[in-house]
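Here is the naming used below: chain letters follow the sequence lines, and residue numbers restart at 1 for every chain. All values below come from the heavy atoms of this structure, side chains included, with hydrogens, waters and symmetry mates left out.
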Amino acid sequence: MSASLERPGADAILSDLNPSQREAVEHGDGPLLVVAGPGSGKTRVITRRVARLVRAGVRPWRVLAITFTNKAAGEMRERIARLLEGERETNVYVSTFHSFCARMLRRYGAPSRGFAQDYTIYDEDDQRAAVRQALAEANLEAKQWKPGSVLSEISAAKNRMEGPDERDQQAIGYADRTIARVYRIYERLLAEWKALDFDDLLLEMVKLLREREDVRAELADRFRYVLVDEFQDTNRPQYEIARMIAAHGNLCVVGDVDQSVYGWRGADIGNILEFERDHPGCRVVRLETNYRSTKRILEAACSLIAHNVRRIENPLSTPNEEGEALRLVACLNDDEEARFVARSIERTIREDDVAPGEIAVFYRTNALSRKVEQELLARGIAYAVIGALAFYERKEVKDVLAYLRILGNPGDEPSVIRALHSPPRGVGATSVEKLRARAKERGLTLAQATVDPEAQTALAGKALRGLKEFGELLETISLLAAQRAPLRQMLDEIVDRSRYTDALRESRDPQDRARVENVHALLDAAEEFDRQQGHAGDLREFLDHIALLTDVDRTRTGPDRVNLMTFHAAKGLEFDEVYMIGLEEGMLPLVRELEAQDLEEERRLCYVAITRARKRLSLTYARVRRYFGMDRTGRPSSFLSEIPDGLLERGSPEIAYGPSDRLKAYARLDGWARERPALAAAPAPAAPASARADRASGAGPDPALRPLPSYAPSAGGFGDAGLSQGTRVEHPHFGAGEIVGLRGHGLAQRVKVRFDSGAEKELVAHYANLRRAAP
DNA sequence: GTGGCATAGCTTTTT
DNA sequence: GCTATGCCAC
């Protein structure tokens, strides 16, 4: 690279920094903790600090910067390169923890896999399949032991760095010991298949650093400076890794306790609190000026988060202007909410000339995106949903990738079976068992058996023909792989020879057509990867790359698309205009059936979402929401009452989206006025509340934040009306219970009742012979 | 062994 | 309301 005439020197690196930012950037050697509130310029601090180190003579490849997503890594790499324009080298190592570990384990081997380098990374789908098999081997019913929850138990244990033995010792009672037992089998299966799950990548790295002094020394020597972003979201193993590599003490961590929202994933706020203890004499810099949001938005966020007890006081201020009031919009139901959001977005784009990419809609659970999507679609507004249906997790994509995974690691049995079934070749479960038995006899792996003429004789007829076909294809692509053929060529071979897309293409189902498109998108992605790496991309790197992409990484966003995402996915991003929807008690904070909820984490989540907004923030909730195909009546989130009233402007959807709808809005306010006294004044049991009346009697803008009286039926028994959520009922057989959901109308109306016995049943109201019970 | 249909269960968040 | 699973018929 030729030396540029304009080399941004120390001046450019330190320009327009406030005193604390400057302090963090200029800090020399030794541990540094940067407490960075939202919008306080922490990315700027990290990039400038790295640039300053390099300018001071540190070779860029001696700096390791860890980010939360690959996208953030890419952006950071770019920003650093820009700051270092003119330097000979700018190749700072910027990566996520998981990608970094995967790379190192490929180089040095995974300790628990006999230091093998040809391991496969298992995603959640693969993990669940492994748990299912482990359950089967333990003779446990998948119905009773849900693979998903067993898996999260296993993952939680791994995050605490407990193996099956430790988990067993901690176990209390049968259920707990069973989980330890399944965990042990799960570990054995993954070892057999030479697979590592996401948690393993971190644990194996810890192990590698602990067991191999030479590797630890090599990495510590290479990476003289280690920086970790979003430190509040690191878990135990991640912290261990950072600490071991930064044994020289040049560890800089940046985080904010108030933005920790991954506690459920094992993230440990304690890491931040412990950092000072683990690093005596560490420098602490606080960034307390927010450059992102208006005063009103920031104040709303600060008032909310002040309700948390487990936090460190961190006063934030902003030089920005007051800004608009936050809009708090009460909707009758989710349809109206979606319509409001879409119309308001449409207006903003058209009248305020805001780029769609500067607008975002946030929600607590993915399920809430659908209605908004429909409304945006109906208005022809382009949007991107982040994280909904991850491309690489789709069945057709995984089917085709299974072939490549076999090449990367022939021990990966589930991939062998998956490829064998894609498309169906007449080789079913029984045939696979026969083949597996024969493979075992002859000391072969399943993959080897599929191409071994002798082993193939375990099958006959249609199954044998299918197996041979598969074996030949496998041999062809193995040969291509050995010749280091481009990935695109291998995938073409797989798709053509297996005729995977043939049946799909002929199908009448439009979804199948979309599947064909997805397969082609995969082929294009492979070709792109080939190009990036020269002629042919490295197979394992390609597979790692795919496995470690985050939702944010793999979604096509852009200036022309409105962004839809969960509160979690919003972390680290910012937008001019933000809509937070579904702000009902139960949705946010979200109540879960089994696990205890962490109210403070839910509040932090709300805080993170609010602080993403630069200029304008709209908060919406719906009186009635269809969830699980059932109408649920809710009241506004208690978090809303933690925002000072003076910052909010309450409105109905019509009023909020413009004067043209005034008439309609007045008509409706009239309706509210009639209903309101009954709502507010009546003692709970007497309030009129048929399912239909419920729907009509939306919470008015004013009494909305007051907890609404619980809805109880009118006097008398039940016909086809008089049922509502929260009603206490008695069933001749099941006993007393409470209505938790309603669906349908008239004779077809069904009610979901949670009985005091704990059982939940859905009953047809007309036939169920329910009686109203005393509360 | 496969594909169709019915039904149960589900949705918290993600590397 | 959707989908993944389970059962049944071919």
Discussion item. Heavy-atom nearest nucleotide on DNA chain B for A:R425 versus A:T365: which residue maps closer to 5'?
Written reply: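 Its nucleotide being nearer the 5' end, the pick is A:R425.
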Worksheet item: A:A429 or A:Q127: which one's nearest nucleotide on DNA chain B is closer to the 5' end?
Response: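 Result of the comparison: A:A429.
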Pairs under 3.5 Å (N/O, protein and nucleotides 3-5 of chain B):
none

What does [X] touch in the nucleic acid at a heavy-atom separation under 4.0 angstrom: a base, only the sugar-phosphate, or nothing?
{"X": "A:A463", "value": "nothing"}
{"X": "A:S431", "value": "sugar-phosphate"}
{"X": "A:V427", "value": "sugar-phosphate"}
{"X": "A:R128", "value": "nothing"}

Worksheet item: Do A:W264 and the base of B:dT13 stack face to face, with centres under 5.5 Å apart and an angle between planes under 30°?
Response: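 A:W264 vs B:dT13: stacking yes.
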Which residues share a ring-ring contact (aromatic ring centres under 6.0 Å, His included) with [X], sequence neighbours left out:
{"X": "A:Y500", "answer": "none"}
{"X": "A:Y627", "answer": "none"}
{"X": "A:H98", "answer": "none"}
{"X": "A:Y186", "answer": "none"}

Practice prompt. Could you tell me which residues satisfy side chain to side chain donor-acceptor pair (under 3.5 Å) with A:R128, sequence neighbours excluded, listed by chain and number?
Written response: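 In terms of side chain to side chain donor-acceptor pair (under 3.5 Å), with neighbours along the sequence ignored, A:R128 is linked to A:E124.
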Worksheet, complete the sentence: Contacts of A:R418 meeting side chain to side chain donor-acceptor pair (under 3.5 Å) (sequence neighbours excluded), chain-then-number -> A:D399
Item to complete: Could you tell me whether the side chain of A:R265 has a donor or acceptor atom within less than 3.5 Å of a complementary atom in the base of B:dT13?
Response: no
Worksheet item: Under 3.5 Å, is there an N or O donor on one side and an acceptor on the other linking the side chain of A:Y627 and the base of B:dT11?
Response: yes
Please confirm whether the shortest side-chain N or O distance from [X] to OP1 or OP2 of [N] is below 4.0 Å.
{"X": "A:T566", "N": "B:dT14", "answer": "yes"}
{"X": "A:N366", "N": "B:dT12", "answer": "no"}
{"X": "A:K146", "N": "B:dC10", "answer": "yes"}

Take the protein atom [atom1] of [X] and the nucleotide atom [atom2] of [N], then report the distance between them rounded to whole Å.
{"X": "A:K462", "N": "C:dC10", "atom1": "NZ", "atom2": "P", "answer": "17 Å"}
{"X": "A:D229", "N": "B:dT15", "atom1": "CG", "atom2": "P", "answer": "15 Å"}
{"X": "A:L420", "N": "B:dG1", "atom1": "CG", "atom2": "C1'", "answer": "13 Å"}
{"X": "A:D334", "N": "B:dT11", "atom1": "CG", "atom2": "P", "answer": "19 Å"}

Worksheet item: With sequence neighbours excluded, what pairs up with A:E413 under the side-chain contact (heavy atoms from CB on, under 4.5 Å) test?
Response: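 A:E413 satisfies side-chain contact (heavy atoms from CB on, under 4.5 Å) with A:W193, A:R436, A:L446 once adjacent residues are dropped.
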Please write out the pairs of protein N or O atoms and N or O atoms of nucleotides 4-7 of chain C separated by less than 3.5 Å, giving the distance to one decimal.
{"residue": "C:dT5", "atom": "OP1", "partner": "A:R132", "partner atom": "NH2", "Å": "3.1"}

Worksheet item: Quick one: does NZ or CZ of A:R465 land under 6.0 Å from the six-membered ring centre of A:F470, within 45 degrees of the ring axis?
Response: no
Discussion item. Exactly one of A:Y262, A:F362, A:Y363 should register a ring-ring contact (aromatic ring centres under 6.0 Å, His included) with A:H568. Which one does?
Written reply: A:Y262
